[in-house]
Peer 1: 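First the structure, then my questions, so here it is.
What you see is a predicted model, and the numbers here were worked out from it, not measured in a lab. For the numbers below, each heavy atom of this structure counts, side chains included, while hydrogens, waters and symmetry mates do not. So that the names make sense, note that chain A is the first sequence line, chain B the second, and so on, each numbered from 1.
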Amino acid sequence: MNNMEEKLWQYIDGTCSNDERLAIAALIEKDAAWRAAYNNIFTINDDVSALTLDEPSMAFSYKVMEGIRAQEAAKPLKTATNTYVIGAIAGFFILAIIIIMMFLLINGGGNVNVNLPAFSVLTNSSAIKVFFYTDVILLLFFVDTFLRRKRSSGEAKSV
Amino acid sequence: MQSKLTDIELIKRTLSGDQQAYALLVKNYQRYVFTLALRFTKSREDAEEVAQDSFIKVYKSLGSFKQESKFSTWLYTVVYTTAMTSLRKRDINTVALDDEDNFIQVENSNSATDVNSAENRSRSFYLNQAISQLSADDAAVLTLFYHAEQSLEEIALIMGIETNGVKIKLFRARRRLKETLERNLKHEVKELI
């Protein structure tokens, strides 16, 4: 029975060889069991082909496009940042520093006297020590965060 | 009146920033994608969610579409993967997708116990009912073959299996559909008597 069904489906799909096709056609014509099975299968095939597709809701395409727009808007700042803007800001500051330096050089007649504090003041001051240790703690904190992120992304990739 | 644009033309327009072109692609394929998703999820709400997710995923990776296959084949591959992932996540009904002996039990609003009389039901109703009672995999193969106009080779690509495997799956799906249809109709005749 299964073999008959399988052959009939191949016959209907047109996936059998020419010889097989002729043999099956002859069986359908002569054998009542084959003819009945063929008619049954052919009707099912026709009915399934004629089935209409299901319709999503009226607002489906609108929802899809809204979803796309929402995702576009929610892009991370890293990818949305325009590098030209960053370059322009950096350029402005560099230019400002150059102008200030030139202004000082011109007004000072080439003798710019900058009084830097003594090195011992820097090392002995408790405020500087607090500043230095805070920097070290912050650095360790950022290194730890960076390493944790790296490890978790590696685990995610391996899954 | 504007002539109908091909999928490739619409993709090119979308990639150049024309979102309306993608909206047209969505409109062209929404029924196919929704029907395919419905074969897996068996609920309209979930099917819409899967279809929506699939279209968004396709939009995001449209630039990587190499045109080695038809756009529809690529789209259905995404739908198939999204639907499978969604099913696995929810673990609905705890029935294996390709279980030969089990069928997903579906809450069918148009079940045999409905108040509608059996005489008024069309053959398409019984077919739809039988398809909804098939396993997700069987129903998906039938939908891809009959409605999404995909060849056996393309279905193999979508499902990630060999073409011979698709032939076997299709044959089994048709046999189960026939058996389910006969069982349902027998039940209806008994009801009438």
Side-chain angles (χ1 to χ4, degrees), chain A residues 1-17 20-21 24 33-76 78-80 82 156 159, chain B residues 14 19-20 22-39 44-45 47-60 62 122-128 130-132 142-143 145-149 151-152 163 167-168 170-175 177-178 181-182:
Chain A
M1 181 65 189
N2 281 349
N3 196 28
M4 185 210 279
E5 255 187 51
E6 200 173 347
K7 281 183 176 171
L8 284 170
W9 277 118
Q10 284 173 353
Y11 177 74
I12 288 168
D13 289 343
T15 53
C16 53
S17 66
E20 280 175 330
R21 192 177 57 82
I24 294 165
W34 275 77
R35 195 163 45 249
Y38 171 75
N39 287 336
N40 189 11
I41 286 170
F42 188 79
T43 311
I44 290 175
N45 190 63
D46 248 20
D47 289 344
V48 177
S49 305
L51 277 180
T52 50
L53 292 164
D54 288 280
E55 287 274 2
S57 65
M58 295 277 278
F60 179 78
S61 59
Y62 172 77
K63 278 185 201 164
V64 171
M65 296 317 289
E66 275 303 296
I68 288 168
R69 273 179 218 121
Q71 290 221 345
E72 295 266 293
K75 263 187 186 170
K78 210 169 147 186
T79 54
N82 190 338
V159 170
Chain B
T14 308
Q19 283 202 343
Q20 281 307 309
Y22 193 68
L24 268 174
L25 265 178
V26 173
K27 278 206 169 143
N28 290 346
Y29 284 101
Q30 62 180 19
R31 290 168 73 228
Y32 297 96
V33 168
F34 177 70
T35 305
L36 185 59
L38 194 60
R39 298 291 182 239
R44 290 187 64 86
E45 289 77 22
E48 279 216 3
E49 208 179 304
V50 167
Q52 209 173 310
D53 282 355
S54 305
F55 275 119
I56 293 172
K57 275 184 196 169
V58 164
Y59 178 83
K60 285 203 284 191
L62 207 56
S122 65
R123 192 156 171 85
S124 68
F125 165 82
Y126 289 111
L127 266 172
N128 273 321
I131 290 173
S132 72
L142 290 173
T143 305
F145 186 77
Y146 284 102
H147 301 121
E149 293 160 358
S151 67
L152 294 175
T163 310
K167 270 186 195 170
I168 295 163
L170 184 63
F171 172 67
R172 286 177 182 169
R174 283 158 156 175
R175 200 180 59 196
L177 176 70
K178 190 170 154 277
L181 199 60
E182 283 167 358

Peer 1: Which atoms of Asp13(A) come close to chain B, meaning under 4.5 Å heavy atom to heavy atom: side chain ones, backbone ones, both, or neither?
Peer 2: side chain

Peer 1: Checking Lys167(B) against chain A: side chain, backbone, both or neither under 4.5 Å from a heavy atom?
Peer 2: neither

Peer 1: Kindly say whether Arg175(B) contributes a backbone atom to a donor-acceptor pair with the side chain of Glu5(A) at under 3.5 angstrom?
Peer 2: no

Peer 1: Does any part of the side chain of Tyr22(B), heavy atoms only, come nearer than 4.5 Å to the side chain of Met65(A), both counted from C-beta?
Peer 2: yes

Peer 1: Compare all side-chain heavy atoms of Ile41(A) with those of Arg174(B) and state whether any distance is below 4.5 angstrom.
Peer 2: no

Peer 1: Picking from Ile131(B), Leu38(B), Leu142(B), Ile56(B), which has the most non-hydrogen pairs under 4.5 angstrom with chain A?
Peer 2: Ile56(B)

Peer 1: Atom CG of Asp54(A) and atom OG1 of Thr35(B): how far apart are they, to the nearest 0.5 Å?
Peer 2: 4.5 Å

Peer 1: Can you name the nearest heavy-atom pair linking Val48(A) to His147(B), along with the distance?
Peer 2: O-NE2, 3.1 Å

Peer 1: Heavy-atom distance under 4.5 Å to chain A: side chain of Glu49(B), backbone, both or neither?
Peer 2: neither

Peer 1: Is the shortest heavy-atom distance from the side chain of Lys27(B) to the side chain of Val64(A) under 4.5 Å?
Peer 2: no

Peer 1: Which one, Arg69(A), Lys63(A), Glu55(A), leads in non-hydrogen pairs under 4.5 Å with chain B?
Peer 2: Glu55(A)

Peer 1: Tell me, do Phe60(A) and Val26(B) make a side-chain contact under 4.5 Å, heavy atoms counted?
Peer 2: yes

Peer 1: Measuring from atom CD1 of Ile44(A) to atom CG of Leu127(B), what distance do you get when rounded to the nearest 0.5 angstrom?
Peer 2: 7.5 Å

Peer 1: Which answer fits Ala47(B), side chain, backbone, both or neither, if we ask what part of it has an atom under 4.5 Å from a heavy atom of chain A?
Peer 2: neither

Peer 1: Quick one: does Ser49(A)'s side chain have a donor or acceptor within less than 3.5 Å of a partner on Tyr146(B)'s backbone?
Peer 2: no

Peer 1: Measure Arg44(B) against the heavy atoms of chain A and call it side chain, backbone, both or neither at under 4.5 Å.
Peer 2: side chain

